[in-house]
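Presented below is the structure to which this report refers.
Every chain is numbered from 1, with letters handed out A, B, ... down the list of sequences.
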Number of protein chains: 2
Amino acid sequence: MTVPTSAQPLARRADAQRSIAAILKAAVNALSRDPDASVSDIAKAAGVGRVTLYGHFPNRADLVEAALAHAIDQGHAALDAVDLVGDTRQALTRLIDSSWLLVNQSRALLLAAQAVLPPSRIRDLHAGPVERVEGLVKRGQDDGAFRSDLSTSWLVGVMHSVMHTAADEINAGRLDPDQAAAFITATVLAAFTPPGRRVPA
Amino acid sequence: MTVPTSAQPLARRADAQRSIAAILKAAVNALSRDPDASVSDIAKAAGVGRVTLYGHFPNRADLVEAALAHAIDQGHAALDAVDLVGDTRQALTRLIDSSWLLVNQSRALLLAAQAVLPPSRIRDLHAGPVERVEGLVKRGQDDGAFRSDLSTSWLVGVMHSVMHTAADEINAGRLDPDQAAAFITATVLAAFTPPGRRVPA
DNA sequence: AGTAACTCGTACACCACTGTTCAACAAGGG
DNA sequence: CCCTTGTTGAACAGTGGTGTACGAGTTACT
């Protein structure tokens, strides 16, 4: 008990920390491939006994939640590098370029989470990323670059779902992965254009 | 065996036909609520013994497939009433008005199907409805109402996914169901507008 | 009226997964 | 160096579903 001054992350042994990291990584990986991956599968992929896993995560739901949180944190951090100042449309384009692959790769993981966690919990976990996008969209609405006749959350939702569409089209073999980003931005920018204004070419 | 001239739907007894109809209806209903509904649940809802159900559908996958096919047929038939001639944008608006509720209601059912059937099978089942939408979109591209810098299938996918977005937003409490159709059409028409052209107000 | 088709409930075998227990062993930390 | 914390596999109980078998009863077609 070396000075547990307060409710800290609870200093585990170096040993355990390694295990947890491995499990988290394996979980994200496995669940991204197959949302129905079993706890055994994940433990195996992590190079860890199933019992060990249960030692750190009480049940499957907690594990999935941790995995999702982990993936979101990673993505969120990666997007910190994106420059969101300057022309709003260009900023959105940059954000889409960096985001969409992440969104795509985490689709199955998200599905796994939806099967186990209440919608509210999932929304909470996404609060960070959503806030970032929402802020940008709102700025665009304020400066007149984006339409204001539709709500901010709607536009954010549309952007999100267009990215999913890209993923679908790709693995249906109808879209070249290299073109995906261009298709998405072209679509989203048009959808966001205020009525009466010309769609950017 | 009243003249089984060839491989016909195999004339079952009136008895059995009623059962099958009830099962199909119950399956669509139950799976639309909960994609994980068990065979027992469905049988119960149909007012039929589980064994009877298995007598008509060899396994869960076949049942789900039949349910999806049934729902799609119904929807497809309902949309026959929609007038698709005349101004392309207006026709699309009419189609969305009539489609989106159907799409919305069948979301869970579709999810159930995706869990059990290969993507190719699902796409085949959707061939009818997709063809209708694709035809209209293609016409719009040909007559210049819709953009041609993005592929037809992409635009169809976008339209489809925007409808799903509406469903999400509604049951997240962020969108008034009465506004849904308007939001969808406003978004889709903007997204479909050719670059350089003004977004319709 | 008779026969084949259909239905029903119960019961069973089976399977995959979850979560727990145990007892022995390994390794980090002070 | 010793004690605590972790790790391990095997074994077990529990759960909830799927699909099958059976035997008796019912209902439609001719």
I need the CD1-C1' distance between B:Ile20 and C:dC6, as an integer number of Å.
11 Å
Look at the side-chain N and O atoms of B:Ser40 and state whether any lies under 4.0 Å from the OP1 or OP2 oxygen of D:dG17.
no
From the options C:dT18, D:dG19, D:dC22, select the nucleotide whose nearest atom is closest to the side chain of B:Val51.
D:dC22
Nearest listed nucleotide, side chain of A:Thr52, among D:dT7, C:dC6, C:dT18
D:dT7
Audit row: A:Ile122, A:Leu110, side-chain contact (heavy atoms from CB on, under 4.5 Å) steps and yes/no
CA-CA 9 Å; A:Ile122 294 185; A:Leu110 179 59; 4.0 Å; yes
The side chain of A:His56 lies closest to which of these nucleotides: D:dC29, D:dT7, D:dT18?
D:dT7
Nucleotide of C:dG28, C:dA4, D:dT18 approaching A:Arg18 most closely (side-chain heavy atoms)
C:dG28
Would the base of D:dT8 count as contacting A:Arg50 through its side chain, where contact means a donor and an acceptor less than 3.5 Å apart?
no
Side chains of B:Ser32 and B:Asn29: do they bring a donor and an acceptor to under 3.5 Å?
no
For a quick test of reading the model, state the closest non-hydrogen atom pair linking A:Ala201 to B:Pro195 and the distance between them.
CA-CB, 3.8 Å
Check the distance between D:dT7's P and A:Ile23's CD1 and give it to me in whole angstrom.
8 Å
Backbone of A:Ser38 reached by a side-chain donor or acceptor of A:Asp41 within 3.5 Å
yes
Nearest whole angstrom, please: distance from the C1' of D:dG19 to the CG of B:Leu63.
13 Å
Could you give the CD-to-P distance, from B:Gln17 to C:dA5, as a whole number of Å?
15 Å
Write down the distance between CG (B:Asn59) and C1' (C:dC15), rounded to a whole number of angstrom.
16 Å
If you measure from the Lys or Arg side-chain nitrogens to the Asp or Glu carboxylate oxygens, is any gap between B:Asp168 and B:Arg174 under 4.0 Å?
no
Pick the nucleotide of DNA chain D nearest each of B:Ala61 and B:Asp15; which residue has the one closer to the 5' end?
B:Ala61
Starting at the 5' end of DNA chain D and moving along, which residue's nearest nucleotide shows up first, B:Asp41 or A:Ala16?
A:Ala16
B:Arg13 side chain near D:dC29 phosphate (N/O to OP1/OP2, under 4.0 Å):
no
For B:Ser19 and C:dT7, is the shortest distance between a side-chain N/O and OP1 or OP2 below 4.0 Å?
yes
Could you give the CG-to-P distance, from B:Leu53 to C:dG9, as a whole number of Å?
13 Å
Without decimals, in angstroms, what is the distance between A:Tyr54 OH and D:dG14 C1'?
13 Å
What is the distance from CZ of A:Arg12 to P of C:dG29, rounded to the nearest Å?
14 Å
